[in-house]
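Start at 1 and go down the list; that is how both ligands and their atoms are numbered.
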Amino acid sequence: MKTAAQENVQKTKTYDSEYLLEVKNLKKHFPIKAGVFQRTVGHVKAVDGVDMMVKQGETLGIVGESGCGKSTAGRTIIRLYEPTDGSILFKGKDISHLSEKHMRTTVRKDIQMIFQDPYASMNPRKTLKAILSEPYITHNMYSKKEREERMEDLLDKVGFNPSFINRYPHEFSGGQRQRVGIARALALNPDLIIADESVSALDVSIQAQIINLMKDLQDEFGLTYIFISHDLSVVRHISDRVGVMYLGKMMELASKNSLFSEPLHPYTQALLSAVPVPRKKGVARRERIVLQGELPSPANPPKGCVFHTRCPMAKDICRQAVPEFKEIKKEHFVACHLY
Ligand code: SF4
């Protein structure tokens, strides 16, 4: 029998598209209900026209303040939320309207998610063995003996002793629970893993261990990640390319080097100016850009460019017209009227 590792390494590109995942104009609006009859009186535009592309084997980091819609975008891509509009092309096929049954039997095996708090999604009365065998049972995969061999292999991959298999979730530390989350996500040999704030609740030293583990697994298995985080330094560490979101929209998307060395969007410039950098002789200190005002409500986003109420460079047109998300330089996309 091939181990999970062997199967993953042997995965080859079987689709024509340049991207493993291509998201176009994705929207997720949640209705606001009010009154006795619970009428819809408005919508929270959590994700309001997001574009992104992910190549096989890379890590796309998605960064933005809390409430910018990055987690909702991740959950909509995996169809935990039904998209309001837009398309989600996975391996060249549009999965945005697949039925739940079709998703469960096909795509869900290939796209997995790791959450901030894996404990919340684990049954406290189940052992690690029961937790890890769930995906195999759901998808009716492998004999009992094969499952056990695979689980042993998974434990080894995430750095656990085989004896851990009979432990309960409460017996694991925060970092160990995240390893359980990773092992569970890996069980079905996915192509894409969406990690939603998966190290945010951990101490810095444990964060580094989990990120290094994820990188090692990526190299070994040829995995593709979407890594969602509010923490720019973590995103910078793990990502090949980075997307910056603000109020439900993608503001800028570029390679990590291009984005961090030459941020084009005023919002990205403000975000990066807040990150402390070691002083280098002869290099001018980056000026801190302090954004004025509060983040507007996604239930009532500003007209035109959603960032215009806080943008230090806003012009008249910014209050009227939504800037197009376009490629300004090779593989460097920006939504701003300045370009
Ligand atoms: Fe600022 Fe205008 Fe660019 Fe929006 S479009 S980021 S308001 S300059």
**OP:** Look at atom 4 (Fe) of ligand 1 and say which protein heavy atom is nearest, naming residue and atom and giving the distance to 0.1 Å.
**Re:**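 For atom 4 (Fe) of ligand 1, the nearest protein heavy atom comes out as Cys305 SG, 2.4 Å.
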Original post:
Nearest to atom 5 (S) of ligand 1, what protein heavy atom do you find, and at what distance?
Top reply: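 Scanning the protein heavy atoms, the shortest distance from atom 5 (S) of ligand 1 goes to His337 N, 3.2 Å.
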Original post:
Given Thr59, which of Lys256, Lys215, Gln218, Arg241 fulfils the side chain to side chain donor-acceptor pair (under 3.5 Å) condition?
Top reply: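 With Thr59 as partner, Lys256, Lys215, Gln218, Arg241 yield a single side chain to side chain donor-acceptor pair (under 3.5 Å), made by Gln218.
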Original post:
Short list, please: which atoms of ligand 1 are under 4.0 Å from a heavy atom of Cys311?
Top reply: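 Checking each atom against Cys311, I get 1 (Fe), 6 (S), 7 (S), 8 (S).
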**OP:** Provide the number and element of each atom of ligand 1 under 4.0 Å from a heavy atom of Phe307.
**Re:**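 Heavy-atom distances to Phe307 below 4.0 Å select 6 (S).
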Between [Y] and [X], is the closest basic N to carboxylate O distance under 4.0 Å?
{"X": "Glu134", "Y": "Lys126", "result": "yes"}
{"X": "Asp240", "Y": "Lys55", "result": "no"}
{"X": "Lys145", "Y": "Glu149", "result": "yes"}

Original post:
Can you say whether the rings of Phe307 and Tyr267 are parallel (under 30°), tilted (30 to 60°) or perpendicular (over 60°)?
Top reply: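 The arrangement is perpendicular - the two ring planes meet at more than 60°.
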Subject >> Lys28 charged N/C atom sitting above Phe30 aromatic ring, 6.0 Å / 45° >> reply: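 Because its charged atom sits under 6.0 Å from the ring centre and within 45° of the axis, Lys28 does stack over Phe30.
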**OP:** Indicate if the distance from atom 3 (Fe) of ligand 1 to the nearest N, O or S atom of Cys336 falls below 2.8 Å.
**Re:**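 Given the 2.8 Å cut-off, Cys336 counts as a ligand of atom 3 (Fe) of ligand 1.
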**OP:** Record the part of His265 in heavy-atom contact with ligand 1 below 4.0 Å; permitted values are side chain, backbone, both and neither.
**Re:**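 Side chain only; the backbone of His265 stays clear of ligand 1.
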**OP:** Could you tell me whether any N, O or S atom belonging to Cys318 is less than 2.8 Å from atom 2 (Fe) of ligand 1?
**Re:**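 So Cys318 counts as coordinating atom 2 (Fe) of ligand 1, yes.
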